[in-house]
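The structure appears below as structure tokens.
Throughout, a chain's letter reflects where its sequence line sits, starting with A, and its residues are numbered from 1.
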Amino acid sequence: MTFARGFAVLAAAVSAAGAAWLTAPAEAGDSEPEVHRIEIRRFAFIPAQLEVRPGDIIEWVNNDAVPHTSTAEDGAWDSEELSRGASYRVTVDWQGSRDYICAYHPHMTGRIDVVGVAPGE
Amino acid sequence: MRRHTLFAAALMSAALVFMPPSGQAQSPEDLNDLEIAHVAYSAGALDIRYAHLALAISENPKIREFAALMLRDHGAVNDAAVALITRLNVTPKDNEVSQSLVAQAAGIRSRLRAAEGAEFDRIYAENELSYHQFVNGALAGIFIPNAQNAELKALLEDALATFKAHEHHAEAMVEAVSMAGE
């Protein structure tokens with residue numbers, strides 16, 4: 001292997017390692033907001049009850065054939081119609097607990113409990 | 001008492017559904033996947049037609065809300081069924097069970113069109129409950145166990161979850177309508 005070719009191989013390896021480092025997901029730690037996924041499946045929110053911290057993100061994903069919504073009982077959020085595969089995100093900017101329903105199928109209920117403090121506080 | 005009446009109506013519906021006009025009963029257990037798909041799609045399409053009638057005739061907010069839900073949900077389930085048969089490149093097969101469902105529904109629509117006000121609401125609500133009870137029984141007891149294609153089976157299981165929710169909703173609707181009529 002010539003010096004030039006060896007240098008090129010080394011440079012490519014270093015570049016690949018750098019790219020991998022740059023694209024690696026951040027490790028979940030106390031200082032990072034967390035993304036919580038709630039699946040809508042067979043007419044249920046899964047999980048139906050979730051504990052989060054201020055600043056976290058909640059994402060609902062509808063995996064049912066029929067449309068659903070995620071609608072806070074107190075009006076704090078409303079995804080409006082989520083067809084199959086659609087998702088909706090809310091950033092937790094409140095304290096305490098909030099109940100929510102599917103506006104189309106009100107027997108579908110869920111609850112978000114906010115505990116602790118925001119990351120970094 | 002009312003529950004007994006409804007249960008009897010549901011049983012009668014079940015008996016009629018599998019009794020084609022010729023009088024020769026077709027065994028639902030003998031239906032193949034393409035025939036099961038046809039029955040499931042037909043059942044949804046018929047309930048959509050009932051819902052359109054309800055939205056045209058009823059002024060009861062609970063009836064109208066339920067009918068709008070039927071349009072949305074049965075439309076979505078049938079869209080999923082169309083997507084599946086398109087992907088599988090197959091054609092659902094008409095059969096005596098589907099034909100019997102269609103014939104029976106025509107009679108119910110005639111009754112509904114002849115009624116108005118609280119009477120329409122009562123007939124619609126009770127029919128929705130017995131219809132969903134029957135369809136759910138057929139799905140859970142016959143069609144899902146007998147479906148051979150895994151994707152069709154999954155679609156029917158999703159449909160059953162949807163229709164069970166409708167059945168519970170219909171129970172509440174029947175109760176609300178009967179209380180309003182007392």
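Hydrophobic clustering (ILVMFWY, side-chain heavy atoms < 4.5 Å, transitive): B:Ile63 and B:Leu69 are in one cluster. Hydrophobic clustering keeps B:Ile48 apart from B:Leu112 (ILVMFWY residues linked when any side-chain heavy atoms are closer than 4.5 Å, directly or through intermediates). The cluster map of Ile, Leu, Val, Met, Phe, Trp and Tyr, joined by side-chain heavy atoms under 4.5 Å apart, puts A:Trp94 and A:Tyr100 in the same cluster.
With contacts defined as side-chain heavy-atom distances shorter than 4.5 Å, the pair B:His166/A:Val66 does not qualify.
Between atom NE2 of residue A:His105 and atom CG of residue B:Asp73 there is a gap of 3.5 Å, rounded to the nearest 0.5 Å. Atom NE2 of A:His107 is separated from atom NE2 of B:His169 by 9.5 Å, given to the nearest 0.5 angstrom.
Ranked by non-hydrogen atom pairs under 4.5 Å with chain A, the options B:His74, B:Glu157, B:Glu65, B:Lys164 are led by B:Glu157. Ranked by non-hydrogen atom pairs under 4.5 Å with chain A, the options B:Asp158, B:Leu155, B:Asp79 are led by B:Asp158. Here B:Ala165 is the residue among B:Ala165, B:Ala83, B:Ala159 with the most heavy-atom pairs under 4.5 Å with chain A.
In terms of heavy-atom proximity, A:Arg42 sits nearest to B:Ala154 at NH2-O, 3.9 Å. For the residue pair B:Ala76 and A:Ala65, the shortest heavy atom distance occurs at CB-O, 3.3 Å.
Using a 4.5 Å cut-off between heavy atoms, A:Tyr104 touches chain B through backbone and side chain atoms alike. For B:Ala81, no part lies under 4.5 angstrom from a heavy atom of chain A.
Under a cut-off of 6.0 angstrom, the local environment of CZ in B:Arg72 is crowded, with over 12 non-hydrogen atoms contributed by other residues, nucleotides or ligands. Dense packing is recorded around NZ of B:Lys153, with more than 12 heavy atoms of other residues, nucleotides or ligands lying under 6.0 Å away.
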